[in-house]
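Heads up: the structure comes next, in structure tokens.
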Amino acid sequence: MGKEKKAGEEVRIRCYARVRPSWDYELQRPGVYQSIEIEDDHTIRLSKGSKLFDFDKVYGPSSTQEEVFEDVAKDLIENAFQGYCGTLFCYGQTGTGKTHTITSRVKGQEGIIPRAVDYIYHKIGDSTEYTLTFNYVQLYRDNIEDLMQKDTHGNLRRIDLWRDETAGGEQVVLKDLVTVKVESKKHFMKMYDVGSANKAVAETAMNAHSSRGHTLLIVSITRKERAVEANADMASIEAQRQLNGKLIFADLAGYERIKKSMVSGIRKDEAATINLSLTALGNVIHSLTAKATHVPWRNSKLTRLLQDALGGNSLTSVIVTMNNSSEHITETVNTLYFGYNAMQCKTTKRIDTGPIDYKSHYIRMQAAFKVLEQEKKMLEEENEQLREQLIGEALPESLRRQSTGHTPIPRSQHQQEIQGYIDVIDELRQELEAQNSRAVELQQQVDSLNTALEEKDLEGAAFADEVQ
Ligand code: ADP
Ligand code: MG
């Protein structure tokens, strides 16, 4: 495998806006008005102006967790099952509903993560083809920490991050993360709760459960390659390709004005690093939108963590969250512009089939080729039988009827019968031709794999003999 970047389809980041309900005390403050209006399902208007912001969809205060999940997350999950990577994150001022939208475990109010786990397991059903694992990290005060791993002093393990540009594409790599292999929905949620309990959370004036760091839950859905059976059919051979789907759910901490949050000491430091990382995120989005030659990915660990989601191999959806009280209009406008800019960014949609194992690929191709050869032979025999049937049975039958004084088959019916046979033969011939070209194609692939094997000095010829 070289360092060349794999091709993929260019896609736009999707962006959704969600306005959380206002609390009574917020509305009762003197001089407070609603800073935004929901114009329609796709548009938000700034109340004291004519500025409009369009999104893929806008959710008002009465929107449900279920409808947000259906619109925003389901498609990403379906794509992950096909081997794509999907990222979903919320962006917005503190206290506007990011954590509620992504992670809520409140009964009947479950957020996207528990709903996604439900959906994934429902989709997997009884199938044993899939392996599900997850990693769970937080970015706290500019350190990446493994939420699933503590050292002997009870501190979360710090994780290094780098960018791997060797695996036929670029991707963010987090070194020595604990990968949790999950067996069931219940097991998943139990382990997820263990990690969540390790998150940095604190009470501030703006939010009773304010996230003090950004968290990323990385779910991998792998469809395993199985050994090819000697007489497997074509469909099952093709279905055995390995697919590595990935879903990243990021619950970002929100921008907070130190004065409004009334924080001090360590909370103030936390807020400062949160704000810096969010500014860096905004700058990256702005550079991408402006198609700048330099994108400042390296200015913050948050932007490095989200590099694939914003400009690499990922299908990405962003939910911008806001509180429409005019007290927060500055933050709301900032959030609206962030979403507006994010929608202009492009990423790449590319299937991840894992590293190519030449040997097993070769065996699969050989097996597929044998199946095709068998099918071709059967088709040829069937074709021959029909031809004989047509000549030796259909024609004499109609002639016999005439010679034995039976009512002769009307000429038109006779012709129809023959035409029927001709049509069947025609169909068979077309099928045969298609099989033939597929066989040629497969043979070419087998040949080139053989060459690759030889070049790679993987006991090429001997190995090829062995599997014949
Ligand atoms: P953030 O993560 O953006 O700081 P939270 O998700 O913690 O904000 O939300 C702050 C509070 O508002 C929580 O008590 C949460 O349950 C509530 N909340 C947020 N959005 C909604 C919503 N759409 N419907 C009902 N309650 C909400
Ligand atoms: Mg939060």
Side-chain angles (χ1 to χ4, degrees), residues 15-27 34-36 38 41 44 55 57-73 88-115 136-141 147 192 195-217 249-258 260-263 267 270-271 273-275 277-278 281-282 302 306 318-325 327-328 330-332 334-336 338-339:
C15 190
Y16 306 82
R18 190 176 197 190
V19 185
R20 80 141 159 84
S22 297
W23 319 136
D24 287 346
Y25 72 85
E26 290 175 324
L27 298 175
Q34 305 221 328
S35 60
I36 48 176
I38 297 173
D41 266 5
I44 282 181
F55 294 100
K57 196 154 179 194
V58 173
Y59 301 96
S62 58
S63 64
T64 64
Q65 297 280 70
E66 190 182 0
E67 70 181 296
V68 174
F69 171 79
E70 293 277 323
D71 295 340
V72 183
L88 195 156
F89 69 91
C90 284
Y91 178 96
Q93 181 193 7
T94 187
T96 49
K98 298 180 296 298
T99 300
H100 172 78
T101 301
I102 300 231
T103 76
S104 172
R105 301 290 320 273
V106 176
K107 225 173 156 38
Q109 286 284 304
E110 288 89 352
I112 286 171
I113 289 174
R115 281 172 203 270
Y136 199 9
V137 292
Q138 81 173 352
L139 176 57
Y140 175 65
R141 301 184 79 195
L147 287 167
Y192 169 74
S196 300
N198 293 329
K199 289 201 293 193
V201 178
E203 184 173 348
T204 70
M206 291 291 292
N207 186 345
H209 300 277
S210 169
S211 315
R212 309 313 289 162
H214 311 293
T215 60
L216 262 75
L217 176 74
F249 299 104
D251 180 20
L252 303 192
Y255 178 81
E256 58 189 65
R257 273 202 258 166
I258 313 263
K260 274 191 196 170
S261 295
M262 295 195 279
V263 289
R267 301 277 164 262
E270 286 167 357
T273 34
I274 291 168
N275 292 349
S277 61
L278 291 170
L281 179 60
L302 178 63
L306 293 178
V318 182
I319 306 173
V320 288
T321 55
M322 55 209 96
N323 170 352
N324 70 0
S325 152
E327 274 188 295
H328 308 295
T330 318
E331 289 89 343
T332 304
N334 165 64
T335 302
L336 287 167
F338 179 89

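Atoms within a ligand are numbered from 1 in the order they appear, just like the ligands themselves.
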Check step by step if side chain to side chain donor-acceptor pair (under 3.5 Å) holds for Asp71 and Tyr59. CA-CA 11 Å; Asp71 295 340; Tyr59 301 96; 2.6 Å; yes
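Taking every non-hydrogen atom of Gln93 and a distance limit under 4.0 Å, the qualifying atoms of ligand 1 come out as 3 (O). Close approach to Thr94 involves these atoms of ligand 1, each under 4.0 Å from a residue heavy atom: 4 (O).
For atom 13 (C) of ligand 1, the closest non-hydrogen atom of the protein is Asn207 OD1, 5.0 Å. With hydrogens left out, the protein atom closest to atom 19 (C) of ligand 1 is Gly97 CA, 3.4 Å, a heavy atom. The protein heavy atom nearest to atom 4 (O) of ligand 1 is Gly95 N, 2.7 Å.
Polar contact check, Lys98 against ligand 1: a nitrogen or oxygen pair lies under 3.5 Å apart. Checking only distances, Trp23 never comes within under 3.5 Å of ligand 1, N or O to N or O.
Looking only at side-chain heavy atoms (C-beta outward), Val58 and Arg18 stay at 4.5 Å or farther from each other.
Distances shorter than 4.0 angstrom occur between a heavy atom of Pro21 and an atom of ligand 1. Contact annotation: Thr96 has at least one heavy atom less than 4.0 Å from an atom of ligand 1. Judged by the shortest distance from any of its heavy atoms, Gly92 lies outside the 4.0 Å radius around the atoms of ligand 1.
Side-chain atoms of Arg20 come within 3.5 Å of backbone atoms of Gly95 as a donor-acceptor pair (strictly under, hydrogens ignored). Without hydrogens or angle criteria, Glu26 side chain to Trp23 main chain gives a donor-acceptor distance under 3.5 Å.
The closest heavy-atom contact to atom 25 (C) of ligand 1, among the options Arg18, Arg20, Met322, His100, comes from His100.
For the Mg ion (ligand 2), the N/O/S atoms of Thr99 include one lying under 2.8 Å.
No more than 12 heavy-atom neighbours from other residues, nucleotides or ligands sit within 6.0 angstrom of CD on Glu66.
In this structure, atom 7 (O) of ligand 1 has protein heavy atoms in its sub-4.0 angstrom surroundings. Put simply, atom 22 (C) of ligand 1 has protein non-hydrogen atoms near it, under 4.0 Å away.
No donor-acceptor contact under 3.5 angstrom links the side chains of His328 and Ser35, judged on distance only.
Of all the heavy atoms in Lys98 and Ala253, the pair that sits closest is CE-C, 3.8 Å. Contact detail for Lys199 and Thr215: the closest heavy-atom pair is CD-CG2, 3.3 Å.
Using cut-offs of 30° and 60° for the angle between ring planes, the Phe338 and Phe89 rings count as perpendicular.
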